[in-house]
Amino acid sequence: MNKHYIAVDIGASSGRLMLANLENGKMTLTEIHRFKNGFKQVAGHDRWDIDHLGAEIIAGLAKVKQAGIDEVTLGIDTWAVDYVLVDEAGRKLADPISYRDCRTKDAISELTAKISKEEIYRKTGIQFQEFNTLYQLYREDQALLKQAAKIMLVPDYLGYILTGKAVTEVTNASTTQMLNLRAGLFDSQLLSELGLQADKFAPLVDAGTYLGPIKAELRSKYDLPQVRVVTVASHDTASAVVGTPAVGDNWAFLSSGTWSLLGTELKVSENGPQAYQANYTNEWGAYGTYRFLKNIMGMWMVQCIAKEYQGRYSFSQLAQLASQVEPCQQFIDVNDDRFLNPPSMIEALQAYCHEHGQKVPQSPGELVMAVYSNLALYYADQLSQLGQILGKQLTTLNIVGGGSNVALLNQLTADLAGIKVIAGPSEATAVGNILVAMITDGELADLPAARKLVRDSFALKTYQPKHDYAQALVGYQHFKEELR
Ligand SMILES: Nc1ncnc2c1ncn2[C@@H]1O[C@H](COP(=O)(O)OP(=O)(O)O)[C@@H](O)[C@H]1O
Ligand SMILES: C[C@H](O)[C@H](O)[C@@H](O)C(=O)COP(=O)(O)O
Ligand SMILES: [Mg+2]
């Protein structure tokens with residue numbers, strides 16, 4: 001492949017530009033640029049620094065040019081649900097508010113007093129999370145919303161500032177909980193509940209749509225290569241699923257990053273009563289698929305612990321400390337709302353254990369093992385529920401993302417879920433981003449061919465169940481019953 005592909009993958013904790021090369025039927029990824037992401041309190045809300053993210057993309061592209069590459073194809077994927085309000089002149093009206101901001105507290109109960117949860121789920125098939133765009137817009141500053149010409153989801157906004165072209169890519173648009181499954185459009189009733197018209201959003205496009213060239217003024221101002229921007233599966237989890245090296249039909253994925261997104265890929269959405277009761281979501285995937293998944297709190301909890309130790313321990317050091325601690329010494333519902341954005345994760349974990357009569361973790365290793373153990377218990381529980389809802393026997397769990405680097409957690413998950421775990425690639429999101437651009441360019445035929453390339457290119461590790469945690473699993477079920 002004499003073409004160069006760049007993935008811009010911006011997760012909640014970090015962003016990266018990854019350069020792909022294809023030789024002898026194998027893809028290699030080179031990290032060109034990595035930068036921190038995160039939100040800060042600005043003007044009364046937790047906000048992302050969207051200009052910083054734009055500047056880091058430019059900085060990464062300048063490095064590509066300095067490396068002697070004059071022409072690239074680029075895709076952008078980021079976290080979901082959050083948006084930028086843009087005026088008629090295309091200027092942002094404010095920095096985007098983070099989904100972890102408290103402004104949407106109790107918004108679901110308020111909005112669903114007007115239109116029932118059952119009706120919203122029948123229309124959209126999307127999980128109820130208070131941070132969904134639907135509730136953010138419901139709580140948005142109405143004057144600012146009126147002043148806005150367009151609502152742009154974060155990756156679409158970043159594509160817009162690079163090219164001047166505005167679109168709304170569907171994998172990420174589905175996370176708003178405003179897309180109607182049957183119509184394939186923003187639902188008119190939900191829009192009217194918000195006092196919005198459909199043209200408040202740019203036109204919907206499928207993943208893999210060519211967006212346009214980078215603006216000439218950016219190229220000259222920053223000495224950048226020629227850049228063709230393709231709107232890929234712009235929800236990072238959608239790209240992660242594309243990049244999952246799955247084979248056959250009985251597989252589940254765990255996109256393990258700031259969030260743990262556990263689910264499987266469907267050809268037809270599943271928004272029946274069982275899925276509704278279990279709060280599973282039908283986020284749209286690339287190529288007409290659906291990502292039937294559940295959000296689990298994820299490595300966010302470890303990120304917070306690491307931050308509270310002022311970065312004294314790297315993530316691998318924390319995993320090493322955790323490996324010296326017996327697993328499953330306490331039971332914690334990792335999806336308890338208190339863990340979404342606590343002032344102190346350590347205090348939240350310890351208070352939870354006090355309240356529920358569980359052994360209180362104290363040391364860094366005990367805290368991280370408590371998180372790993374209860375993430376793995378939650379994964380095991382959800383895999384069982386996933387199989388029941390879909391009536392299928394799931395035999396393999398593909399773990400991708402940064403969390404797939406944690407051998408201890410991969411093994412614990414295999415043991416507790418009694419399932420084969422295949423770990424990697426850790427940068428599956430970036431890989432999936434590039435695969436969609438390659439399919440658009442005709443460099444790859446389709447999704448199965450793309451996933452074969454992933455299997456042929458990246459070292460994957462397999463973990464078979466080998467330790468018996470029957471007692472912990474029984475204890476966890478009792479703990480869950482007590483929570484009800
Ligand atoms: N070598 C490692 N050892 C332990 N944990 C790791 C390692 N590498 C990554 N992680 C975990 O993966 C997380 C980052 O995953 P990543 O997919 O990059 O997140 P995101 O895309 O949400 O920014 C870190 O917060 C950390 O918990
Ligand atoms: C808020 C959403 O649920 C979140 O964006 C999730 O869908 C996601 O994609 C998180 O990706 P990370 O790479 O930040 O874990
Ligand atoms: Mg990510």
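Note that the structure is predicted; figures quoted are calculated from it, not measured. All ligand and atom numbering here is 1-based and tracks the order in the structure. The basis for the numbers below is simple: all heavy atoms, side chains too, and nothing from hydrogens, waters or symmetry mates.
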Sidechain N-carboxylate O distance under 4.0 Å for [X], [Y]:
X	Y	result
R451	E265	yes
R34	E427	yes
E140	R103	yes
D187	K123	yes

Ignoring angles and geometry beyond distance, decide whether [X] reaches within less than 3.5 Å of ligand 1 through its nitrogen or oxygen atoms.
X	result
W259	no
N405	yes
S13	yes
Y372	no

Check whether any side-chain N or O of [X] sits under 3.5 Å from a backbone N or O of [Y] as a donor-acceptor pair, and report yes or no.
X	Y	answer
D415	H467	yes
Q411	P465	no
T104	A107	no

Would you kindly specify which portion of T258 sits under 4.0 Å from ligand 1, judged on non-hydrogen atoms: side chain, backbone, both or neither?
both
Under 4.0 Å from ligand 1, counting heavy atoms only, is it the side chain of R16, its backbone, both or neither?
side chain
Do me a favour and list the nearest non-hydrogen protein atom to [atom] with residue, atom name and distance?
atom	value
atom 3 (O) of ligand 2	N295 ND2, 2.8 Å
atom 10 (N) of ligand 1	G402 O, 3.4 Å
atom 25 (O) of ligand 1	Q303 NE2, 2.8 Å

Could you check whether the rings of Y309 and Y313 sit parallel, tilted or perpendicular, using 30° and 60° as the cut-offs?
perpendicular
Are L190 and T124 packed together at the side-chain level, in the sense that at least one heavy-atom pair is separated by less than 4.5 angstrom?
yes
Flag side-chain contact, heavy atom, 4.5 Å: L340 against Y99
no
Show me which atoms of ligand 2 lie under 4.0 Å from any heavy atom of [X].
X	answer
A12	14 (O)
G11	13 (O), 14 (O)
T258	14 (O), 15 (O)

Heavy-atom contacts with [X] under 4.0 Å: which atoms of ligand 1 show up? List them by number with element.
X	result
S14	23 (O)
G403	12 (O)
M299	25 (O), 27 (O)

Among V167, T209, L179, which residue satisfies the side-chain contact (heavy atoms from CB on, under 4.5 Å) criterion with L204?
L179
Short N or O distance, [X] and ligand 2, threshold 3.5 Å exclusive:
X	answer
W79	no
D236	yes
V81	no

Between Y135 and Q177, do the side chains contain a donor N or O and an acceptor N or O under 3.5 Å apart?
yes
Below a 4.0 angstrom heavy-atom separation, can you tell me which part of W259, side chain or backbone, both or neither, approaches ligand 2?
both
Check whether the ring centres of Y157 and W48 lie less than 6.0 Å apart, and answer yes or no.
no
Does even one non-hydrogen atom of H235 get within less than 4.0 Å of ligand 2?
yes
Atom 2 (C) of ligand 2: of A80, G298, G257, G402, the nearest heavy atom sits on A80
